[in-house]
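Before any comments, here is the structure.
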Amino acid sequence: MVNEFIIEAKNLFKSFGDFVAVDNLNLKIKRGEVFGFLGPNGAGKTTSIKMMVGLLRPTGGEILIDGEDIAHADRLKIGICPQDIVLWESLTCKESLKFMGQMYEVPEDILKTRVKNLLEDLILTDKANTMVSNLSGGMKRRLNLAMALIHSPEIVVLDEPSEGLDPQSRRVLWNFIRSLRDNEGKTVILTTHLMDEADGLSDRIAIIDHGKLLRLDTPENLKKEFGEGDIVEIHLADSKMNQEVIFRLKTIENIDSITEVDGKINIKTLNAVGKLPEIMNKVQEMNNEIADLSLHPNTLEDVFIELTGTSLRE
Ligand SMILES: Nc1ncnc2c1ncn2[C@@H]1O[C@H](COP(=O)(O)OP(=O)(O)OP(=O)(O)O)[C@@H](O)[C@H]1O
């Protein structure tokens, strides 16, 4: 019987000396989904995925790949595109892919087609015979990804795939990731600190910070759980009074939540525009002033802020 979950992490734990990088992570990744790890720098995303694909030994816990302990799992099922680019500078794109495919013992005729298709899919056909040393940073990243896919792994792991890519290359990459899932049925696991990437690509998102899993759900459910309303962000002229003002603002009816984020006050509510006069009054009653105010619909980033109390782009 085919296992619904292709990867399971049970009580996964990793410490470096006294420092706990991953703290009892429990999660299951479904076959054929795009699964996003979202968290700020140092949250433990890379450490988690490295353990989940057998690149790093956990301090504790268990990993199952297709129901089988990772120690006995078929590593060829996994393709990893690391954050750091690892390429041979003096080979061409085509040679790099052929060489990698030969190392994986991909049969010659299949390899030829795969090299052609991957170059096409990642918009590198024009650069097939260009030496890696002469590629731009974005092209190197795309080639790096092609290399991770040359043996057609069932599970594709992408560590910060958009890092260093311009918006155009990012779009190519996102479409490609979607096609890996939709057309080839692959399971894609990615780490990102980009909210729009997690939101736009992932079927489910694990939000992690300080090595702990804070939430695991679909982007839609996460946004629903934390409210569909608006966020009013105010910056007080005297931000030392934030806490007192928050206390006062909480007396306004139908406010969902109020949090202090990076010296500003975030107020979540339905019908934010209608609430603005009351918000301003309360601030004035405290002999303070609003130096800056903005209003936007609740986003996944706000969910993150509410869970962690910090903004993701710190
Ligand atoms: N080999 C190591 N030795 C000591 N500490 C480490 C080691 N590898 C990672 N860490 C620490 O573990 C924490 C988690 O690191 P990790 O690379 O998993 O974070 P991340 O969420 O992937 O961050 P980023 O988005 O910056 O890549 C960090 O504080 C990091 O300094």
Side-chain angles (χ1 to χ4, degrees), residues 7-29 34-63 65 70 78-87 137-138 140-142 144-145 148 155-166 169-170 173-174 177 187-202 204-217 219 222 261-262 299-314:
I7 299 187
E8 290 182 52
K10 296 182 180 175
N11 301 321
L12 197 58
F13 187 86
K14 181 72 189 179
S15 57
F16 296 106
D18 289 343
F19 179 77
V20 176
V22 175
D23 196 357
N24 271 310
L25 193 67
N26 283 288
L27 54 85
K28 295 176 180 184
I29 297 178
V34 177
F35 187 96
F37 277 93
L38 176 68
N41 288 335
K45 305 181 294 291
T46 303
T47 308
S48 300
I49 59 164
K50 273 189 178 167
M51 290 192 284
M52 291 169 79
V53 297
L55 285 180
L56 188 67
R57 195 186 292 273
T59 314
E62 204 184 341
I63 308 276
I65 307 275
I70 193 158
I78 304 170
I80 301 160
C81 185
Q83 220 174 102
D84 302 321
I85 295 176
V86 190
L87 296 170
K140 282 185 184 173
R141 291 209 75 89
R142 297 197 316 257
N144 208 35
L145 172 56
I155 305 169
V156 181
V157 180
L158 310 169
D159 198 0
E160 304 269 359
S162 283
E163 201 60 25
L165 290 188
D166 60 38
S169 301
R170 191 168 289 170
L173 177 79
W174 287 9
I177 291 174
T187 306
V188 181
I189 303 169
L190 58 93
T191 73
T192 183
H193 58 265
L194 301 173
M195 211 45 90
D196 58 341
E197 181 158 86
D199 193 3
L201 276 183
S202 316
R204 292 191 305 147
I205 298 175
I207 298 183
I208 66 166
D209 198 13
H210 300 299
K212 282 193 164 66
L213 180 66
L214 302 180
R215 273 295 189 288
L216 173 73
D217 215 328
L222 285 170
V261 182
D262 306 335
T299 61
L300 199 57
E301 177 148 20
D302 299 303
V303 171
F304 185 86
I305 288 171
E306 196 153 339
L307 279 171
T308 65
T310 54
S311 144
L312 201 53
R313 292 196 187 84
E314 267 189 331

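Start at 1 and go down the list; that is how both ligands and their atoms are numbered.
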Handout entry: ligand 1 contacted by Lys50 (non-hydrogen, < 4.0 Å)
Key = no

Near Pro40 (heavy-atom distance under 4.0 Å), the atoms of ligand 1 are 21 (O)

What donor-acceptor contacts under 3.5 angstrom involve side-chain atoms of residues 22-29, with partners at least two apart or in another chain?
from: Asp23; atom 1: OD2; to: Lys212; atom 2: NZ; distance (Å): 2.7
from: Asn26; atom 1: OD1; to: Asn11; atom 2: N; distance (Å): 2.7
from: Asn26; atom 1: ND2; to: Asn11; atom 2: OD1; distance (Å): 3.1

min-distance protein heavy atom vs atom 18 (O) of ligand 1 -> Thr47 OG1, 2.5 Å

Atom 26 (O) of ligand 1: closest protein heavy atom, distance to 0.1 Å, is Asn41 OD1, 3.2 Å

Ligand 1 to Ala43, heavy atom cutoff 4.0 Å, flagged ligand atoms 19 (O), 20 (P), 21 (O)

So, regarding His193 and ligand 1 (criterion: nitrogen or oxygen to nitrogen or oxygen, under 3.5 Å), is there a contact or not? no

Side chain to side chain contact (heavy atoms under 4.5 Å, CB included) test vs Pro82 passes for just one of Asn144, Asp159, Leu158, namely Asn144

In Leu55, Thr187, Val53, the residue satisfying side chain to side chain contact (heavy atoms under 4.5 Å, CB included) with Ile78 is Val53

- Does an N or O anywhere in Ala21 fall below 3.5 Å from an N or O of ligand 1? no

So the atoms of ligand 1 within less than 4.0 Å of a heavy atom of Thr46 turn out to be 17 (O), 18 (O), 20 (P), 22 (O), 27 (O)

Under 4.0 Å from one or more heavy atoms of Glu160, ligand 1 contributes atoms 25 (O)

Correct closest heavy-atom pair for Trp174 and Ser162 would be NE1-OG, 3.4 Å

Glu301 versus Ile305: any side-chain heavy-atom pair under 4.5 Å?
yes

Quick one: does Leu307's side chain get under 4.5 Å of Asp209's, heavy atoms only? no

When distances are taken from atom 23 (O) of ligand 1, the protein heavy atom at minimum range is Gly42 N, 2.7 Å

_Do Leu38 and Met195 have side chains that approach each other closer than 4.5 Å (heavy atoms only, starting at C-beta)?_
yes

Closest to atom 25 (O) of ligand 1 among protein heavy atoms sits Lys45 NZ, 2.9 Å

* Asked: Under 3.5 Å between some N or O of ligand 1 and some N or O of Ser48?
  -> no

For ligand 1, is there an N or O atom under 3.5 Å from any N or O atom of Gly44? yes

Given side chains that start at C-beta, do those of Thr47 and Phe16 come closer than 4.5 Å, heavy atoms only? yes

If you compare Phe37, Phe19, Phe16 by their heavy atoms, the one closest to atom 7 (C) of ligand 1 turns out to be Phe16

Sorted by chain and residue number, the salt bridge (charged side-chain N to carboxylate O under 4.0 Å, His left out) partners of Glu8 (sequence neighbours excluded) come out as none

Would you verify that at least one protein heavy atom lies under 4.0 Å from atom 14 (C) of ligand 1, or report that none does?
yes

Heavy-atom count around Lys50 NZ within 6.0 Å, excluding the residue itself: above 12? no

shortest atom 27 (O) of ligand 1-to-protein heavy-atom contact is with Gln83 NE2, 3.3 Å

